[in-house]
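Let me begin by presenting the structure, written as structure tokens, before commenting on it.
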Amino acid sequence: MRWRRLVLRLFLAVATALLTLGLLLGWWDSAAMDTDGTRQASPVFTPERPSLGAAVRDFFGIQPEPERQPIAFTHKVHAENRIDCTSYCHTGAAVGPVAGIPGVKQCLICHRTIATDHPDVEKIATYEERDEDIPWQRVYGYPAPAHVKFQHAPHIRAGVNCSTCHGEVEQMTVAVRAVELNMGFCVDCHRQHKASVECIACHY
Amino acid sequence: MSRRWGMVVDLDRCTGCEACVVACRAENNVPTVGETEAARGRAIHWIRIERYWEGEFPNARIRFVPVLCQHCEAAPCEPVCPTYASYHTADGLNAQVYNRCIGTRYCANACPYTVRFFNFFHPVWEKPLHLQLNPEVSVREVGVMEKCTFCVQRIKAAELQAKAEARELRDGDVQPACAQACPADALLFGDLNDPDSRVAQLARSPRGSKLLEEVGTQPKITYLARLSWSGDGEDR
Amino acid sequence: MEKTASRINDDLLRPVLETSPRFYLAVVLVGLVAALGFVAWGYQIWNGIGVAGISRPVFWGFYITNFVFWIGISHAGTLISAILRLANAGWRRPVTRCAEAITVFALMIGAMFPLIHLGRPWLAFWLFPYPNERGLWPNFRSPLLWDFFAINTYLLGSFLFLLLPMLPDFALVRDRARGWRQRVYGWLALGWEGTPRQWHRLETAMHIMAVLIIPVAVSVHSIVSFDFAMSPVPMWHSTIFAPYFVAGAIFSGLAALILAMALLRKLLHLEEYLRTEHFSNLGKLLLVMSLLWFYFIFAERLTVWYGNDPAEMAVFRATQSGPYAPLFWVMVFCNFLLPVPLLTIPRLRTIASTVVAALGVVVGMWLERFLIIVPALAHKFLPYSWGTYAPTWVEITITVATFAGMVLLYMLFAKLVPVISVWEWKVGRHPLAEQRAEISPAVAKTVAPEGSA
Amino acid sequence: MNAIYGVYAEPASAQRAVEGLRAAGLPETSLLVLSAEPWGEYEFGAYRRHSRMPWLAACGGFLGGVVGFALVAGTQQSWPLRTGGMPIVTLWSAGIITYEMTMLGAILATVLTLFVSSRLWPARQPRLTDPALADGFIVVGASEPPDHLRAEIERRLREAGSEGIKTVPGSAC
């Protein structure tokens, strides 16, 4: 009976070794790929997540609350002063796919003379001195768009209000997440307005 | 009337230079998988030039056949997809929706032309190659199929442009990257439903035939036979 | 030899009530191998499906082979036991439960493979038809969706088919055991009492289930064959596939059943219950299926060869005389040349040789699934993109692990449930049991002679 | 349950016990027979009333089929993707799902009918169990016997060959 016990032990040892090997191999492989940079795809274009936790959060649509903005920009004050959304600040929206956020220089065209003593405006000035952009935090904080192409211009041309998707930003002091932008939201609106609901209208 | 995008490939003009292959890669962010993966048959190229030799060396003749997605009317890849990731658009494109793809690879098996490609790993663009990516085309991820889209981003852009200018799309407004890059004008793209378009005219040519027509897929790419082969064989 | 009820109870319930340390050791060992499969799967999910050997144009490899194989194995049980039940074959009694358990476990394992082989398995739930915010539904025209429905129906049906006749046995354990077992089995027995009304209802239900489950089983493997037959791939696109797959499934299922029974007989010392006649009868069935299998493969190959379609001939040559020929001829040997003489000549038809034949058939049927899938994909229409396939350690590990997983599940089952239906075995001793197709008043009037038990 | 019963090793004596109880004037509804195996070939173990189970199974199947077809047809209509000129609801493939759902409906209906008609559910305890049952003995007796018949029942049960007569008081179960 001794040989039988021997065989069992051998089998146990081999199985344990294989298990460890598999785990090590998996760890080594992913670690090696990550450190030498070959696995680094551009985060702008792909929905690749930095970690498993991030992937799980994205999967269930859990988004972190937007971090504090560097400047407490108030849309309300600007809207009250009759500055239209697309004509001065988010000019891209009317003509192209991306609405865009105005740069420091754009802000200072007005703010060199208006409210220059406001602490936030002074902050903008310091950004300009250091030749830096304002590190805005994304309000919706989506992962890089997952194969969805959104074009602002056709929507503006079709007369869709900015507030339909962005909420009543002109009432907000600091922009907050107001509308849940999921596929159902887009499709509902497209259905109502007899726009294309073909998959390939947005996904390509 | 709705459009029906199609293509004509003039085999008489094709020189096998593979400019279309390169142009397609650049336009569509087609990933490069690397040597080892390519050796395992995992290279991705939405359009390929198939080469066939005939005869023995001094009298060898070579035949080039550019093969890309045939955007079949009765595409075998479409009904087999359990999630509708592969489906037919109103203008006759055989669309692949990357988001919806879960990677059963069934469509790739069903495709008689083997023009569907799978991302076995996450595609990688080593820095600074990522800067060459086309922002109009989404970069696919691990586990999804991809294939020739007839440069749908260009079709969409042209349609939006026409709409902004309040006019109809004209023949020649849309050029996929391969057709644009072809130095010999062997590839021609257009609306098959417009009887006056150049592509529709050429598709009616008696030289025309379809690839693997007998499988019953009703492809929308017409191959024009090589004229010079009917002569004395003095062709290269 | 006559056995009293308590003797039968002792024999058949012993594995449930007593556990030796060797059992735990075996569970750990087999469980380790099965766990390796999960490690490999995790590795594959983390790094991408590319760690498997599949490539272009062979997009399906070991995983789908295993899928078809295991779904085939699952036809052992429910189908065979349902047919034997309807035919009221008396010798079925000790066989049915082992067979039905194979069905349930093989289906569970087989149904994992479509998930394992997905490029993005974390989105597998998109195959389920559930209302969602996108308003999107799955494509019901896809054979994979048919698979989803067919396999789930079969799994649920077989599970219930296995469960129902277990209720009286759970009640038996409840009444014999003490402590936690009494509580657990009391819960599982659902309050079974054993009144004539309950027995009658149970037998009626089993009868109806048997009638229902046979067409379901046939449809399941037909639909698995549709996965292939619905695509215009040379040698896949064939009308013969549905019956061919069903026959192959029953064939491999029978072989698995014989193997499982042989193991149970040895390990649980059930020599008096699983007797030579059972192996002999199942061996005869296996012989019939072997001949049927050969008929199907002959018909399939002959029509291809006669039709001489260039695309199909490429696949035909690759399997017959090309790179896949060694596998092909091993398959023919295992599935036909080996079992037929062993099972035809009465002198050779012993338990041992039946087991050898069954082992051959299991190997041969696995190869058959592989040879249906891979050569056809490797030789599609355009020769420019022909390819080949070689598995990697990930696929091999997962394949081996599923076999270990099957053994593990079966071991646990045999430990937790009397693997031979105790009450059905007892009924088999009744003098009139074999005449009793179903309980009818006419039969019920018969009064048994004295001292019949 | 308040019960009085005897245990019998032989089916023939169980049969005699049942007949004796009937002769004593015990109503059929309080006749109690329990066994660890079906004795359908004996009169005492046969349950003669026909079950509606096949009809309920057929109804379940019909319902399942309707649900299956509605699922296929309804969902395809709700998001009518173009399918290259082919019909959106295809009867051949809808047939497969309909078929599978029909079978599933029939199976579930059968099992549900069994559970309801035999009063089986997880938390339930049996009304009466006896250790002798597991050893192949047959329990014959009366549940909720009328008081004036108790002595008569006991006599008849003993007469049929039961070693001991057991009683279960009302509060036991």
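Order of the sequence lines fixes the chain letters, A, B, ..., with proteins taken first and strands second; residue numbering starts at 1 for each chain.
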To the closest 0.5 Å, what do you measure between [atom1] ([X]) and [atom2] ([Y])?
X: D:Phe115; Y: C:Arg201; atom1: CZ; atom2: CZ; value: 14.5 Å
X: C:Thr204; Y: D:Leu114; atom1: OG1; atom2: CG; value: 8.5 Å
X: C:Asn139; Y: D:Ser93; atom1: CG; atom2: OG; value: 8.0 Å
X: D:Ile88; Y: C:Arg141; atom1: CD1; atom2: CZ; value: 8.5 Å
X: C:Leu190; Y: D:Gln125; atom1: CG; atom2: CD; value: 11.0 Å

Hey, does the side chain of C:Trp137 reach the backbone of D:Gly74 with a donor-acceptor pair shorter than 3.5 angstrom? no
Looking at D:Arg150, I'd like to know if its CZ atom is crowded, meaning that more than 12 non-hydrogen atoms belonging to other residues, nucleotides or ligands lie closer than 6.0 Å. yes
Other residues, nucleotides, ligands: >12 heavy atoms within 6.0 Å of D:Arg52 CZ: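 No - once you tally the heavy atoms of other residues, nucleotides and ligands closer than 6.0 Å, there are 12 at most.
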pair [X]-[Y]: side-chain heavy atoms closer than 4.5 Å:
X: C:Leu156; Y: D:Leu104; value: yes
X: C:Gln198; Y: D:Ser117; value: no
X: D:Ser118; Y: C:Leu202; value: no
X: D:Pro126; Y: C:Trp192; value: no
X: D:Glu100; Y: C:Asn152; value: no
X: C:Leu160; Y: D:Leu108; value: yes

Measure distances from D:Leu34 to the heavy atoms of chain C and classify the residue's part below 4.5 Å as side chain, backbone, both or neither. both
Atom group of D:Leu71 that falls short of 4.5 Å from chain C, counting heavy atoms: both
Under 4.5 Å from a heavy atom of chain D, the part of C:Pro129 involved: side chain
Shorter than 4.5 Å, heavy atoms on both sides: which option in D:Thr90, D:Thr102, D:Ile107 has the most such pairs with chain C?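 Ranked by contacts with chain C, first place is D:Ile107.
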Check [X] against [Y] and note the closest heavy-atom contact, atom names and distance.
X: D:Ala36; Y: C:Lys426; answer: CB-NZ, 4.4 Å
X: D:Arg119; Y: C:Arg197; answer: NH1-NE, 4.0 Å
X: D:Pro38; Y: C:Trp423; answer: CD-CE3, 3.4 Å

Does anything in residues 55-64 of chain D reach chain C? List residues with heavy atoms under 4.5 Å apart, or say none.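 Heavy-atom contacts from residues 55-64 of chain D to chain C are D:Ala57.
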The criterion is salt bridge (charged side-chain N to carboxylate O under 4.0 Å, His left out); which residues satisfy it with C:Glu193, sequence neighbours excluded?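 Checked C:Glu193 against salt bridge (charged side-chain N to carboxylate O under 4.0 Å, His left out); matches are D:Arg124, D:Arg127.
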Highest number of heavy-atom pairs under 4.5 Å with chain D: which of C:Val422, C:Asp175, C:Asp169, C:Ile208? C:Ile208
Look at C:Ala205, C:Pro138, C:Ser142 and state which one has the largest set of heavy-atom pairs under 4.5 Å with chain D. C:Ala205
Distance-only donor-acceptor pairs under 3.5 Å for side chains of residues 143-151 of chain C, two or more places apart:
from	atom 1	to	atom 2	distance (Å)
C:Trp146	NE1	C:Phe140	O	2.8

Residues in residues 212-224 of chain C that sit under 4.5 Å from chain D, counting heavy atoms only: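 C:Leu212, C:Ile213, C:Pro215, C:Val216, C:Ser219, C:Ile223 fall under the 4.5 Å cut-off.
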